[in-house]
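Structure record follows, encoded as structure tokens.
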Amino acid sequence: PADFICPITTEVMSDPVMAADGHSYERKQIERWLAAKSTSPMTGEALQHTHTFPNHALRRQIREWQEAH
């Protein structure tokens, strides 16, 4: 499913986190992005902050989907 794909890597996420833009990204990739930029990879808009938060619900959905396939 498209929601399981990191917009940066275009691969299924294993450690999804949510950024200030409301989008989820693979943790390592968005941390690398935010180390150099303070903009959204999706929109190019400035982010209000560069904190990320674990997306536990999405991680659980991805794991359940992987186990079923």
Side-chain angles (χ1 to χ4, degrees):
D3 290 343
F4 297 175
I5 304 296
C6 174
I8 298 172
T9 65
T10 66
E11 296 177 0
V12 174
M13 294 179 273
S14 61
D15 189 10
V17 295
M18 186 169 292
D21 62 0
H23 295 282
S24 291
Y25 303 92
E26 180 65 32
R27 179 185 302 274
K28 289 180 183 178
Q29 298 304 317
I30 191 64
E31 287 177 352
R32 183 177 297 152
W33 176 279
L34 294 175
K37 304 172 185 172
S38 58
T39 58
S40 164
M42 292 290 289
T43 66
E45 300 286 325
L47 295 173
Q48 292 180 340
H49 59 80
T50 57
H51 304 289
T52 59
F53 304 92
N55 192 333
H56 297 295
L58 181 58
R59 180 186 295 170
R60 185 174 53 254
Q61 291 174 340
I62 291 169
R63 286 188 180 153
E64 289 172 358
W65 176 80
Q66 288 173 325
E67 289 172 5
H69 293 88

Any donor-acceptor pair under 3.5 Å from E26 side chain to D15 backbone: yes
For V17 and P54, work out which heavy atoms get closest and say how close. CG1-CA, 4.0 Å
Check whether W33 reaches the backbone of T39 with its side chain - one donor and one acceptor, N or O, closer than 3.5 Å. yes
What distance separates Q66 CD from R63 CZ, expressed to the nearest 0.5 Å? 8.5 Å
Heavy-atom nearest pair, V12 first then W65, reads CG2-CZ3, 4.4 Å
How close do P41 and Y25 get, counting heavy atoms only, and between which atoms? CD-OH, 3.4 Å
Separation of F4 CZ from S14 OG (nearest 0.5 Å): 13.0 Å
Over 60° means perpendicular and under 30° means parallel, so tell me whether H51 and H49 are parallel, tilted or perpendicular. tilted
For residues T50 and L34, report the shortest heavy-atom separation together with the two atoms involved. O-CD1, 3.4 Å
Close side-chain approach of I62 and M13, heavy atoms under 4.5 Å: yes
Going only through I, L, V, M, F, W and Y residues with side-chain contacts under 4.5 Å, is there a path from L58 to I5? yes
Would you give the length of the straight line joining atom NE2 of H23 to atom CD1 of I30, rounded to the nearest 0.5 angstrom? 10.5 Å
Restricting to non-hydrogen atoms, name the atom on A20 and the atom on Q48 that form the minimum distance, rounded to 0.1 Å. CB-N, 4.3 Å
Check S24 against P7 and note the closest heavy-atom contact, atom names and distance. O-CD, 3.4 Å
So, taking the atom named CG in N55 and the one named CG in D3, what distance separates them when rounded to the nearest 0.5 Å? 10.0 Å
